[in-house]
2 protein chains.
Amino acid sequence: MLTSIPITEMSPRCSTCAMGQLCLPVGMSQQDLTKMDTLVQERIRVHKGETLYRMGDPLTAVYAVRFGTLKTHVTTEDGRSQITGFHLPGEIVGLDGLGEMQHASDATALEDTEVCVVRLGDLQTLSADLPSLQHQFLRLMGKEITHDQMMLVTLGSMRAEERLAAFLINLSERLSARGYSSTEFVMRMSREEIGSYLGLKLETVSRLFSRFAEAGLIQIRQRHVKLVDLAGIKQLYSRSC
Amino acid sequence: MLTSIPITEMSPRCSTCAMGQLCLPVGMSQQDLTKMDTLVQERIRVHKGETLYRMGDPLTAVYAVRFGTLKTHVTTEDGRSQITGFHLPGEIVGLDGLGEMQHASDATALEDTEVCVVRLGDLQTLSADLPSLQHQFLRLMGKEITHDQMMLVTLGSMRAEERLAAFLINLSERLSARGYSSTEFVMRMSREEIGSYLGLKLETVSRLFSRFAEAGLIQIRQRHVKLVDLAGIKQLYSRSC
DNA sequence: CGTGAGCTTGATAAATATCAACTAGCGTGG
DNA sequence: CCACGCTAGTTGATATTTATCAAGCTCACG
């Protein structure tokens, strides 16, 4: 069901992409940027609920989110499942498979989404000619590791309320970096998905949203949320004990 | 206080190191292995309790554990601390800093430990001539990511008992791969450190050990543990609900 | 041998999950 | 276009898990 969209002369390229300041091209010179334009030969449309790749699939490419939202999730042999990340435009998914050259998670669209296909072969070829690209890749893998470590601290040492506050602030900041409002947005994920990401049950997430609203920190109606008191929310998790 | 140990003609090298099958050289040809011997020009002795590097330190090298045990731990601005890994001989630490070129965690010795210093400069030089080394590096970063994701599942969806069982089995398997007994070993970390790693309090860890012992799954005296019923321990966390 | 950090164990409190009932809103098909 | 049905979400009562507080123990080490 995935729709492939071939790139034509007219298609937008890396050098003109609005996500340039968040995606692979970060910090590249104009000259390097031009070279980047050959990198993406294909895009894929992933409809809401569809899966871009699955755990165990051979890794042939990594993907840059162009628009939409993806979740990545892992499932253990004994059926436990956990969401490991929500991915906004400009973010790269699939890096976790580079170790074994096969995907280490599933990637599923939370809304209609389009990704740029970065074939590993092309990537290697281009990297040889473009050291900044190679460096960029290490950076992105490093970021993935530090993100996961931050989540380990969250899951290992924060209480439910702190986790959810941290989640809201993180989402807010990432949306803001993409030109959206930092205080009012639509969460593309269900209470259950938020719970899975944060190691909580959906009822707990729901109760906390209600509690935050009652405390005047947020306004919430379904997935539409408005952060009324950013500082107050931050206090929920940044206090020293 | 860290002791540097220069490498001489007589020192052991990668090509003859007993950890070869677990460390950087995994899967390399004899020819490539010989080239590897120039990579490590220095070793460092880290005494129990000493710190090899700290968060924020500029990243000049990564380190292969030669003998001993390290823990890596992160601390957030608000003072929260979490152990992100225990590292046995043959494992590489420092990879989490490759993103920003500065260390993203502290590394502290749990017992007297020696590490091989892999300078990033030398690594880059050698990689150009040794594609298998470059590939090996991606593999190791990938492994780091999948390890962290496994821990996310552990912290996000397992109960205390399941976490500790998984911890014991994981330690057992890694020790076994290093030629130690898989059923009887000394844990180099305190109850509190185990708790930090697993997102539990030290009392909980202690109680669980006692409970496991009472159930006949293990024998335990301080840090010396004997896994009596491996299958039983595995059942604690691999059952389907 | 004394001493203190690390560990154990008990009693109690707090946090979160579970179970259950109910509600809102979305999408679909008549 | 509206009504129906279904999924997602809310809220309450209760159970379970884990943390917290407190006291005592033990073993390794000087």
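FYI, side chains are in, hydrogens and waters are out, and symmetry mates aren't considered; it's all heavy atoms of this structure. Letters A, B, ... are given to chains in the order of the sequence lines, protein chains preceding strands, and every chain is numbered from 1.
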Can you tell me which nucleotide in [options] comes closest to the side chain of [X]?
X	options	value
A/Ser190	D/dT11, D/dT18, D/dA8	D/dA8
A/Thr204	D/dC21, D/dT18, C/dT16	C/dT16
B/Ser206	C/dT16, C/dC7, C/dA11	C/dC7
B/Arg159	C/dT18, D/dT17, D/dT20	D/dT17
A/Arg223	C/dA15, D/dC21, D/dG9	D/dG9

I need the CD-C1' distance between B/Glu193 and C/dA5, as an integer number of Å.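 Rounding to the nearest Å, CD of B/Glu193 and C1' of C/dA5 are 13 Å apart.
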Phosphate OP1/OP2 of [N]: any [X] side-chain N/O under 4.0 Å:
X	N	answer
A/Ser210	D/dT11	yes
A/Arg221	C/dA24	no
A/Arg191	D/dT10	yes

Parallel, tilted or perpendicular: rings of B/Phe86 and B/Phe167 (30°, 60°):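 Because their plane-to-plane angle is over 60°, the rings of B/Phe167 and B/Phe86 count as perpendicular.
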Backbone N or O of B/Ser172 within a donor-acceptor pair of the B/Ser176 side chain at under 3.5 Å?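 Such a contact is absent between B/Ser176 side chain and B/Ser172 backbone.
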Salt bridge or not for A/Lys143 and A/Glu91, using N-O below 4.0 Å?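 Salt bridge: no.
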For B/Glu193, is there an ion pair with B/Arg188 - N to carboxylate O distance below 4.0 angstrom?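 No, this pair does not count.
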Can you check whether any acceptor in the base of D/dG9 is under 3.5 Å from a donor in the side chain of A/Arg207, or vice versa?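 Flag unset: no donor-acceptor pair detected.
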5'-most contact on DNA chain D: B/Glu203 or B/Arg211, nearest heavy atom basis?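 Looking at the nearest nucleotide for each, B/Arg211 comes out on the 5' side.
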